[in-house]
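One structure is given below, encoded as structure tokens.
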Amino acid sequence: MDLSTSYLGLPLAHPLIVGAGPLADELDMVRRLEDAGASMIVMRSLYEEEITGEQMDEFFNAETYSEAFAEAGSFSPEPDMALGPGEYLEHLRKIKGAVRIPVMASLNGVTPGGWVSFARQIEQAGADGLELHIYHAASDMTISAADVERQFVEIVTEVKRTIRIPVAVKMAPLFTAFAHFAKQLDTAGADGLVLFTRFSRADIDVKELEIVRSMTLSDSSDLLLRLRGAAAVSGRIKASIGITGGIHTGLDVIKATMSGAHATQMVSALLRHGPGHLRTVRAEIEAWMQEHEWPSLSEMRGT
Ligand SMILES: Cc1cc2nc3c(=O)[nH]c(=O)nc-3n(C[C@H](O)[C@H](O)[C@H](O)COP(=O)(O)O)c2cc1C
């Protein structure tokens, strides 16, 4: 049974990738993920300071996800490890020294300036690829959707001009004309599109007059929006398609592949069950393919 795939031009034994988040924070965990068969690891994002700093830190390091670790037995990474740029590069070098699978760094921001020079340093530190996590709150009344899209395309163009390692763009599902924008990113040279960012929820504590943020872990129902996004662009762009959000089981990976994904990222499922879940999902994919007589994922892709 052939599970091999090509993602961002990199040959991978199978599509199961560890997505951006806290799982790569500790070397011991990174080694365990490799041992459990991860085909690639994405580090948590380094945030562009001027715009987001604290906000984005809160956005992803929200309280509630850590509760899930109870189910994960011995697995308990430090949830709140925001790294400065120097530490980030140092940690990247250490991960590269610790494992043989490809390691991607991740940058989060909205303006070209800060990213471009740092992208170069990330390349020099040995990253096999870079995921650009583009995010825009879209609350500025003077900036149109076209302006936002133009800015992102500029960032991708600039970053691609600066570095040689593959660049994936992690997108939010909130673009007005998603397929059109995806095509523009593709034309700008993005090697992959990662669909879609999953947002934390913000509620209001009406007595304390405070915003209460929570980042709950996903389940397979989160996948459906991503399947739709992948299917909209599958076979129509050069860039690889990665799916992030709601990948928990072998069947989720099968569906993602049928909708066109070259790679599937997991975060919630691994936080919930620990690294060994990669083996379970892989076995589920193989069993399903055998039962339904699919010799390879590449024949299934985009069907
Ligand atoms: C605790 C936690 C931290 C995360 N940190 C990042 C991050 O730094 N950068 C990023 O692009 N996505 C981050 N994410 C989002 C994940 O990469 C992923 O896109 C999202 O959780 C959906 O995938 P899942 O359903 O497999 O969890 C984080 C998610 C969680 C749960």
Side-chain angles (χ1 to χ4, degrees), residues 15-26 29 33 38 40-48 52-69 71-72 75-84 87-88 91-92 104-110 115 122 129-136 167-174 192-201 213-227 229-230 241-249 252-253 255-256 261 263-275 277-278 281:
L16 303 179
I17 293 178
V18 179
L23 286 147
D25 287 355
E26 290 179 7
M29 177 52 64
L33 289 162
M40 179 187 260
I41 292 187
V42 187
M43 291 172 71
R44 71 160 64 230
S45 303
L46 182 71
Y47 298 111
E48 184 187 1
T52 47
E54 284 171 29
Q55 272 168 307
M56 291 305 291
D57 208 32
E58 228 184 297
F59 180 93
F60 278 127
N61 291 316
E63 319 75 40
T64 52
Y65 79 88
S66 54
E67 288 166 17
F69 293 159
E71 292 173 59
F75 169 44
S76 58
E78 278 295 308
D80 207 349
M81 196 180 106
L83 297 176
E87 293 161 305
Y88 192 89
H91 190 57
L92 166 59
M104 294 199 51
S106 166
L107 284 179
N108 180 300
V110 290
W115 295 37
I122 279 177
L130 176 61
E131 201 172 90
L132 296 179
H133 182 195
I134 54 178
Y135 170 74
H136 195 276
V167 174
V169 181
K170 184 167 179 175
M171 302 171 68
L174 303 174
L193 301 182
V194 182
L195 315 177
F196 290 117
T197 295
R198 194 167 164 269
F199 294 106
S200 67
R201 291 185 298 190
R213 289 176 191 277
S214 59
M215 180 80 179
T216 51
L217 298 181
S218 69
D219 59 48
S220 293
S221 68
D222 287 77
L223 179 61
L224 307 185
L225 177 70
R226 278 89 187 160
L227 297 179
I241 300 172
I243 285 190
T244 178
I247 299 285
H248 289 257
T249 66
D252 293 335
V253 177
K255 290 179 188 177
T264 46
Q265 302 190 351
M266 284 196 274
V267 176
S268 292
L270 298 175
L271 288 173
R272 191 172 282 140
H273 304 294
H277 194 61
L278 284 162
V281 172

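Start at 1 and go down the list; that is how both ligands and their atoms are numbered. Atoms considered below: every heavy atom in the structure, side chains included; atoms not considered: hydrogens, waters and symmetry mates.
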Contact check: [X] vs ligand 1, nitrogen or oxygen atoms, below 3.5 angstrom:
| X | answer |
| --- | --- |
| Ile247 | no |
| His248 | no |
| Thr197 | no |

Within the distance-only criterion (no hydrogens, no angle test), does the side chain of His91 pair as donor or acceptor with the backbone N or O of Ala24 below 3.5 angstrom? yes

N/O donor-acceptor pair under 3.5 Å between Arg198 side chain and Met215 backbone: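 Answer holds: no.
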
Taking the minimum heavy-atom distance to atom 31 (C) of ligand 1, which of Leu271, Ile17, Leu270 ranks first?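 Among Leu271, Ile17, Leu270, the closest heavy atom to atom 31 (C) of ligand 1 comes from Leu271.
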
The one among Gly21, Ala20, Gly19, Ser220 that brings a heavy atom closest to atom 14 (N) of ligand 1: Ala20

Check each atom of ligand 1 against the heavy atoms of [X] and keep those under 4.0 Å away; list them by number with element.
| X | answer |
| --- | --- |
| Pro22 | 1 (C), 2 (C), 3 (C) |
| Met266 | 26 (O) |
| Arg44 | 8 (O) |
| Ser218 | 24 (P), 25 (O), 27 (O) |
| Lys170 | 10 (C), 11 (O), 12 (N), 15 (C), 16 (C), 17 (O), 18 (C), 19 (O) |

Out of Leu217, Ile247, Leu33, which one pairs with Leu270 under the side chain to side chain contact (heavy atoms under 4.5 Å, CB included) rule? Leu33

Using 0.5 Å steps for rounding, measure from the [atom1] atom of [X] to the [atom2] atom of [Y].
| X | Y | atom1 | atom2 | answer |
| --- | --- | --- | --- | --- |
| Asn108 | His133 | CG | NE2 | 5.5 Å |
| Arg201 | Thr216 | CZ | OG1 | 4.0 Å |
| Ile243 | Gln265 | CD1 | CD | 10.0 Å |

Residue part near ligand 1, for Phe199, under 4.0 Å between non-hydrogen atoms: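 Within the 4.0 Å criterion, Phe199 makes no contact with ligand 1.
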
Which bit of His133 is near ligand 1, meaning a heavy atom under 4.0 Å away: side chain, backbone, both or neither?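 The answer is the side chain.
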
Does some non-hydrogen atom of Ala269 fall short of 4.0 Å from ligand 1?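 It does not, in that no heavy atom of Ala269 comes within the 4.0 Å cut-off of ligand 1.
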
So is Tyr47 in contact with ligand 1, going by heavy-atom distances below 4.0 Å? yes

Any side-chain heavy atom of Leu16 sitting closer than 4.5 Å to one from Val253? yes

Does Leu225 have any side chain to side chain contact (heavy atoms under 4.5 Å, CB included) partners at least two apart in sequence or in another chain, and if so, which? Pro173, Phe196

Which residues satisfy the side-chain hydrogen bond (donor to acceptor under 3.5 Å, both in side chains) test with Ser218, sequence neighbours excluded? His248, Ser268

